Amino acid sequence: MPADISNLLVLAFEGLAAPADVLNRVRSDPPAGFTLFTEDNVHNVEQVRELTDSLQAANGDDLPLLIAADQEGGQLIALVGTTPFPGNMALGAAGDPELTYRVGTAIGVEMLAAGVNLNYAPCADLNTNPANPSLGIRSFGDEPRPVAAHIAAFVTGLRSAGVLATVKHFPGKGNAQVDSHFGLPVIAHDRVRLDAMELVPFLAGLEAGADLVMTGHFAIPGLTERDDLPSTLSRAVLTDLLRNELGFDGAVITDAFDMGAIAQGTGQVIDAITAIRAGVDLLLLKGEAQERVEQGLGLASRRRLIHRDRLDAAVANSRALRTRVAGAIQPDVSVVGSAEHRALAAEVAQRAVTLVRNEDGLLPLRLESEDRIAAVMPQPINLTPADTSALVTPGLAAALRRHHGTVDEFVVGHPPTDGEIAAMREKATDYDLWVVGTISASLDDQQATLVNQLLATGLPTATVALRTPYDLAAYPTATTYACTYGLRKPMMEALADALFGKAPFDGRLPVTIPDYYDAGHGLETPKP
């Protein structure tokens with residue numbers, strides 16, 4: 001395969017160690033790099049460090065390989081065993097770009113310690129559609145200027161740690177109503193809207209020095225005049241807008257090419273050629289598509305279906321990234337999960353938890369030692385392929401037990417079954433307080449039914465959105481409502497501290513809950 005084509009490929013493989021054929025390929029014809037996926041390549045940080053060391057040691061090029069992962073924080077933490085930093089929407093709720101910079105730096109340091117030098121983060125998308133199935137808390141918020149400040153801070157933090165930063169998903173998929181893993185969203189924004197809203201965070205990321213821009217697999221007729229063409233394949237989006245108007249001269253990488261918004265099977269070859277011609281420099285490939293796309297691009301190059309100048313520019317942009325990471329000093333793995341980083345994660349969580357309603361004055365909780373608490377939450381699952389929540393152990397009850405001795409845990413299905421809902425309703429009067437956590441209940445009728453039936457009992461109930469803050473719309477009669485923007489341990493402990501009055505509710509909504517509360521809303525609890 002021509003070396004220029006190899007420079008356009010970010011490949012993937014299955015295995016906690018690099019298979020022999022992968023090492024042989026790296027020696028003889030190295031690609032630009034590899035993406036590590038949680039389910040395929042990650043057991044713990046030490047194992048990832050051994051894996052990445054083996055790939056770099058075998059590398060036959062004079063430039064290091066790009067080793068990439070989705071290390072966003074929050075719901076998407078590809079590298080198991082790293083510090084569970086709250087995600088972007090939690091940082092948006094905390095409202096402090098300096099804090100975001102510190103988190104970006106810490107994430108970068110931990111990535112580099114594991115041998116991963118490219119982060120597919122941060123998401124620069126505005127979450128303007130509460131029903132967006134694949135974005136949610138991966139976004140910093142729904143207002144362009146605050147989100148822009150966080151994007152710039154996160155990019156700067158990552159780069160200060162020696163890790164390449166990627167702003168995604170250009171030109172902004174926040175209003176999508178379809179998950180691009182499964183189909184092609186159509187976003188009906190015109191250029192006036194894009195300039196005022198979606199492009200603002202991307203511009204901030206570019207000005208902060210973002211190394212890559214990741215394309216979005218969605219149609220945007222306002223730029224392309226077509227509702228069947230993904231932005232990934234559009235010259236109007238990637239060359240005319242991104243390069244020529246916005247002045248980006250870094251590398252453009254596609255979102256994953258195995259997603260349903262892109263043609264699959266043999267059609268992937270056509271789309272790969274189209275993407276390179278449109279302005280893409282790197283293709284993010286996985287699975288059986290890799291060999292098919294690579295051979296197709298090689299033939300397209302020989303047939304001169306890709307202009308030589310475009311191919312040369314893509315190779316130059318790819319190799320410039322690898323030059324940039326060549327001098328990075330790799331930290332020791334002991335930095336991962338350090339006391340300093342755990343304290344930073346706890347700080348973000350505490351500053352993010354938001355009290356939206358406290359109409360009955362239930363908070364801070366005032367309980368007798370013999371009072372019984374029921375803690376209910378769904379079993380965490382991956383709601384989208386861009387999700388690692390299924391690896392999270394339910395922690396609501398454990399966090400509450402740090403403050404009160406009698407807490408019973410109920411982990412229901414996601415969604416809860418009719419039988420589980422009935423069982424919770426029957427147990428209602430056995431408890432003096434219910435703390436009910438929901439996970440995207442605004443998109444789940446069964447969770448809404450569970451909460452509404454518990455609320456109908458009239459028993460003291462604190463409801464908590466453990467993911468997106470829109471869940472209030474599913475149970476609007478709740479009189480006590482808080483948001484955590486994530487369900488990992490730091491968030492659960494910060495929530496419990498605030499519920500019991502041991503710490504304040506400092507967060508403010510980074511998005512509007514339609515028909516209820518505007519972005520910026522947040523209550524403080526009275527002193528216990």
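The figures here come from the full heavy-atom set of this structure, side chains too, leaving out hydrogens, waters and symmetry mates. The structure displayed is predicted, hence computed values, not measured ones.
You'll find the side chain of Leu450 reaches within 4.5 Å of the side chain of Val412, heavy atoms only. Residues Pro133 and Thr384 have side chains not in contact (no heavy-atom distance under 4.5 Å, counting atoms from C-beta outward). Taking the side chain as every heavy atom from C-beta outward, Phe182 and Pro385 approach each other to under 4.5 Å. By the 4.5 Å heavy-atom criterion applied to side chains, Ile67 and Thr35 are not counted as neighbours. The closest side-chain heavy-atom distance from Ile253 to Val213 is not below 4.5 Å.
Counting all heavy atoms, side chain and backbone alike, Met424 lies closest to Val376 at SD-CG2, 4.1 Å. The heavy-atom pair separating Leu16 from Val42 by the smallest distance is CD2-N, 3.7 Å. Considering every non-hydrogen atom in both Ser180 and Pro185, the closest pair reads CB-CD, 3.9 Å. Here the closest non-hydrogen pair linking Pro514 and Pro130 is CG-CG, 3.7 Å.
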Salt bridge (Lys or Arg N to Asp or Glu O under 4.0 Å) between Lys173 and Glu198, intermediate numbers included: CA-CA 8 Å; Lys173 72 168 188 176; Glu198 280 72 18; over 6 Å; no
Arg366 and Asp371: CA distance, side-chain angles, deciding distance, salt bridge (Lys or Arg N to Asp or Glu O under 4.0 Å) verdict: CA-CA 10 Å; Arg366 305 168 187 87; Asp371 286 343; over 6 Å; no
Step by step, would you call Met377 with Val436 a side-chain contact (heavy atoms from CB on, under 4.5 Å)? CA-CA 6 Å; Met377 68 175 288; Val436 186; over 6 Å; no
With side-chain hydrogen bond (donor to acceptor under 3.5 Å, both in side chains) as the test, would you mind laying out the steps for Thr438 and Tyr475 before giving the verdict? CA-CA 10 Å; Thr438 56; Tyr475 40 85; 2.8 Å; yes
Test side-chain contact (heavy atoms from CB on, under 4.5 Å) applied to Val348 and Leu99, step by step: CA-CA 7 Å; Val348 176; Leu99 186 63; 3.9 Å; yes
side-chain hydrogen bond (donor to acceptor under 3.5 Å, both in side chains) between Asn382 and Ser389, intermediate numbers included: CA-CA 5 Å; Asn382 294 339; Ser389 299; 4.9 Å; no
I'd like to know whether Val48 forms a side-chain contact (heavy atoms from CB on, under 4.5 Å) with Asn41, so could you lay out the CA-CA distance, the side-chain angles of the two residues, the decisive distance to 0.1 Å, and finally the verdict. CA-CA 8 Å; Val48 172; Asn41 309 115; over 6 Å; no
May I have the step-by-step check of side-chain hydrogen bond (donor to acceptor under 3.5 Å, both in side chains) for Thr388 and Gln75, ending in yes or no? CA-CA 6 Å; Thr388 54; Gln75 78 179 49; over 6 Å; no
Test side-chain contact (heavy atoms from CB on, under 4.5 Å) applied to Val10 and Leu285, step by step: CA-CA 6 Å; Val10 181; Leu285 301 173; over 6 Å; no
Please step through salt bridge (Lys or Arg N to Asp or Glu O under 4.0 Å) for the pair Glu39 and Lys286, ending with a clear verdict. CA-CA 13 Å; Glu39 65 275 16; Lys286 186 181 182 184; 3.0 Å; yes
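There is no side-chain donor-acceptor pair under 3.5 Å between Thr406 and Glu370. A donor atom on one side chain and an acceptor atom on the other are found under 3.5 Å apart for Thr354 and Tyr485.
Judged by distance alone, the side chain of His217 and the main-chain N or O of Met259 form no donor-acceptor pair under 3.5 Å. For the pair Thr105 (side chain) and Val103 (backbone), a donor-acceptor distance under 3.5 Å is absent. Of the possible polar contacts, none joining the Glu409 side chain to the Ala397 backbone as a donor-acceptor pair under 3.5 Å is found. Although no hydrogens or angles enter the test, the distance criterion places no donor-acceptor pair under 3.5 Å between the side chain of Asn127 and the main chain of Gly141. Within the 3.5 Å criterion, the main-chain N or O of Ser442 finds a donor-acceptor partner in the side chain of Asp471. Of the possible donor and acceptor atoms, none in the side chain of Glu50 sits under 3.5 Å from a partner among the backbone N and O of Gln47. Counting only distance, with no hydrogens or angles, the side chain of Trp434 and the backbone of Ile373 share no donor-acceptor pair below 3.5 Å. Side chain of Thr463 to backbone of Thr480: a donor-acceptor contact under 3.5 angstrom is found. Checked by atom type and distance alone, the side chain of Ser338 pairs as donor or acceptor with a backbone atom of His341 at under 3.5 Å. In this structure, Ser139 contributes its side chain and Gly136 its backbone to no donor-acceptor pair below 3.5 Å.
For the side-chain hydrogen bond (donor to acceptor under 3.5 Å, both in side chains) condition, the pairs that include at least one residue of residues 253-265, sequence neighbours left out, are Gln264-Gln268. Screening residues 131-148 for salt bridge (Lys or Arg N to Asp or Glu O under 4.0 Å), with sequence neighbours left out, gives Glu72-Arg138. Note on residues 505-519: pairs passing salt bridge (Lys or Arg N to Asp or Glu O under 4.0 Å), not counting sequence neighbours, are Arg508-Glu524. The ring-ring contact (aromatic ring centres under 6.0 Å, His included) analysis of residues 112-148, with sequence neighbours excluded, yields the pairs Phe140-His150. Applying the ring-ring contact (aromatic ring centres under 6.0 Å, His included) test to pairs two or more places apart or on separate chains, none has a residue in residues 82-107.
Residues satisfying the side chain to side chain contact (heavy atoms under 4.5 Å, CB included) criterion with Pro19, sequence neighbours excluded, are Phe13, Asp21, Val22. When the side chain to side chain contact (heavy atoms under 4.5 Å, CB included) test is applied to Asp445, no partner is found at least two apart in sequence or on another chain. For His403, the ring-ring contact (aromatic ring centres under 6.0 Å, His included) partners are Phe500, not counting sequence neighbours. His43 pairs by the ring-ring contact (aromatic ring centres under 6.0 Å, His included) definition with nothing, not counting sequence neighbours. Residues satisfying the side chain to side chain contact (heavy atoms under 4.5 Å, CB included) criterion with Thr417, sequence neighbours excluded, are Glu420. Residues passing the ring-ring contact (aromatic ring centres under 6.0 Å, His included) test with Phe257: none are found, sequence neighbours excluded. Every side chain to side chain contact (heavy atoms under 4.5 Å, CB included) that Pro415 has, sequence neighbours left out, goes to Asp444, Gln446.
Within the cation-pi definition used here (under 6.0 Å to the ring centroid, within 45° of the axis), Arg372 qualifies as a partner of Tyr431.
Counting non-hydrogen atoms of other residues, nucleotides and ligands closer than 6.0 Å to CD of Glu46 gives a total above 12.
Between His169 and the options Thr215, Asp125, Thr232, a side chain to side chain donor-acceptor pair (under 3.5 Å) holds for only Asp125.
Classification of Asp96 and Arg351 as a salt-bridged pair holds, one side-chain N sitting under 4.0 Å from a carboxylate O. No salt bridge links Asp408 with Lys427; every basic N to acidic carboxylate O contact stays at or beyond 4.0 Å.
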